[in-house]
Protein chains: 2
Amino acid sequence: MSEDFILSDFLPYRLAVLSERMSRRLSVEYGRTHGLSVAEWRVLVHLQRCGQVSIRDIHTCVNLEKPRVSRAVARLEDIGLVRKIPGETDKRLVSISLSREGQEALHGILPKARDFELQLKQSVTSDDFARFSAVLERLHEALDADPEAPPRPSIDRQAAPKDRI
Amino acid sequence: MSEDFILSDFLPYRLAVLSERMSRRLSVEYGRTHGLSVAEWRVLVHLQRCGQVSIRDIHTCVNLEKPRVSRAVARLEDIGLVRKIPGETDKRLVSISLSREGQEALHGILPKARDFELQLKQSVTSDDFARFSAVLERLHEALDADPEAPPRPSIDRQAAPKDRI
DNA sequence: TTTAATTCGTTTCAAATGCAACGATGAGTC
DNA sequence: GACTCATCGTTGCATTTGAAACGAATTAAA
């Protein structure tokens with residue numbers, strides 16, 4: 001009976017294993033040196049790129065649940081890496097941005113993150129990596145077409161100077 | 001200043017997002033219909049392939065922390081999908097295996113899992129997928145060489161008939 | 001304007017998580 | 001055997017998690 005199902009050949013599992021391994025290795029960099037969690041790391045990086053944003057914006061851009069973002073931002077504010085000021089026009093919104101300390105923390109971490117990614121990328125040819133990326137995109141598209149699949153996070157666009165909160 | 005770091009281009013993040021999305025979609029199948037968690041799903045599949053195994057074996061094969069495996073197995077036993085009998089020779093070990101109900105549950109789920117994977121794979125050519133797999137392997141190897149990275153899970157080998165607990 | 005419906009961020013609460021420690025068993029050494 | 005050390009699975013416990021509910025603020029509809 002053709003019942004054999006090999007977990008280690010199963011695509012979702014394989015991706016999960018590699019991803020968890022990679023994330024855990026990366027978290028050593030920002031965790032041990034700065035005591036940051038994955039969520040906090042993502043928030044910082046997003047802010048570095050997008051400037052002044054709302055909780056909602058972070059939520060939709062970095063694939064984190066809203067409460068998780070809220071808590072991560074709260075903690076980052078406690079640590080002093082982030083500023084949180086009430087929205088001007090819309091008082092529901094909160095305007096979040098990097099503090100100088102936050103920028104400095106990122107300066108300390110980003111190079112290591114880059115190095116780590118580079119080390120990974122260098123294990124394959126750039127052509128292979130490009131094809132690899134294309135496959136990732138195709139897999140996303142396959143999920144996009146599946147009504148049961150959760151939505152794909154938005155692209156983290158640099159906010160246009162006038163488009164900021 | 002070349003400080004721009006684009007999260008959505010960052011390999012670990014990209015893998016995490018795709019993986020989370022895929023796992024979440026998949027969990028709809030076994031979660032909604034059978035009330036299973038990711039850990040429980042992995043345990044069942046591993047048992048289906050490897051027969052009679054210990055907690056330790058599951059732990060090293062399916063990339064789950066030991067307590068998580070222990071609890072997943074305990075719950076699966078409560079539900080009746082799994083048998084748990086004390087080890088014969090070594091009384092520390094526990095021999096875990098699928099019950100008939102567990103096998104039937106898998107019969108209900110595995111086809112859907114296969115379909116889902118097939119749907120994903122069909123979005124790229126088989127050649128592209130093979131290259132993709134090769135890159136995954138190379139990335140694992142890069143992590144293998146990194147002393148800070150967590151170990152890669154063991155391959156889930158079908159236990160030789162005589163090698164079982 | 002008043003009312004209803006939405007959106008934003010936070011909080012609540014129950015469940016999941018994972019590290020560390022534990023008791024129990026087994027293996028190695030003397 | 002007695003003693004130490006390692007391994008197995010479980011449990012304690014503090015933290016994290018996320019779905020749902022919430023109040024506040026805004027928008028849409030009546």
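Quick note: numbers below take in every heavy atom, side chains included, and nothing from hydrogens, waters or symmetry partners. Throughout, a chain's letter reflects where its sequence line sits, starting with A, and its residues are numbered from 1.
With distances taken from any side-chain atom of B:Asp90 to the nucleotides C:dG26, C:dC19, C:dC8, the minimum falls on C:dG26. Side-chain atoms of B:Arg92 lie closest to C:dA24 of the nucleotides C:dT12, C:dA24, D:dG9. For A:Lys66, whose side chain is taken as the heavy atoms from C-beta onward, the closest listed nucleotide among C:dG9, D:dT17, D:dT10 is C:dG9. For A:Arg56, counting side-chain heavy atoms from C-beta on, the closest listed nucleotide (C:dC19, C:dG9, D:dG9) is C:dG9.
Atoms CD1 (B:Ile96) and C1' (D:dT10) sit 12 Å apart, rounded to a whole Å. Summarising the geometry, the separation between CG on A:Asn63 and P on D:dT17 is reported as 14 Å, rounded to the nearest angstrom. Between the P atom of C:dA16 and the CD atom of A:Glu65 lies a distance of 16 Å, rounded to the nearest Å. When rounded to the nearest whole Å, the span between CG of B:Leu64 and P of C:dC19 equals 13 Å. In this structure, A:Glu77 atom CD and C:dG9 atom P are separated by 14 Å, rounded to whole Å. The CG atom of A:Leu93 sits 17 Å away from the P atom of D:dA24 (whole-angstrom rounding). Atom CZ of A:Arg68 is separated from atom C1' of D:dA19 by 14 Å (rounded to the nearest Å). Distance B:Glu20 CD to D:dT17 C1': 13 Å, rounded to the nearest Å.
Phosphate proximity of D:dG9 to B:Ser70: absent, as no side-chain N or O sits under 4.0 Å from OP1 or OP2. For the pair B:Lys84 and D:dT10, the criterion of a side-chain N or O lying under 4.0 Å from OP1 or OP2 is met.
A:Glu77 has no carboxylate O lying under 4.0 Å from a charged side-chain N of A:Arg83, or vice versa, which leaves the two without a salt bridge.
Taking only distance into account, the side chain of A:Arg71 never meets the base of C:dG9 through a donor-acceptor pair shorter than 3.5 Å.
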| task | Show your reasoning for whether salt bridge (Lys or Arg N to Asp or Glu O under 4.0 Å) applies to B:Asp146 and A:Arg25. | result | CA-CA 9 Å; B:Asp146 185 334; A:Arg25 168 62 184 87; 2.6 Å; yes

| Residues B:Phe10, A:Leu26; criterion side-chain contact (heavy atoms from CB on, under 4.5 Å); working and verdict | CA-CA 11 Å; B:Phe10 187 53; A:Leu26 178 66; 3.5 Å; yes

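Side chains of B:Gln52 and B:Ser97: no donor on one and acceptor on the other come within 3.5 Å. For B:Ser133 and A:Arg14, the side-chain atoms include at least one donor-acceptor pair closer than 3.5 Å.
Mapped onto DNA chain C by nearest heavy atom, A:Pro67 and B:Thr89 fall at different nucleotides, with A:Pro67 at the one closer to the 5' end. Of the residues near DNA chain D, A:Ser37 and A:Lys91, the one whose nearest nucleotide (by heavy atom distance) lies more toward the 5' end is A:Ser37.
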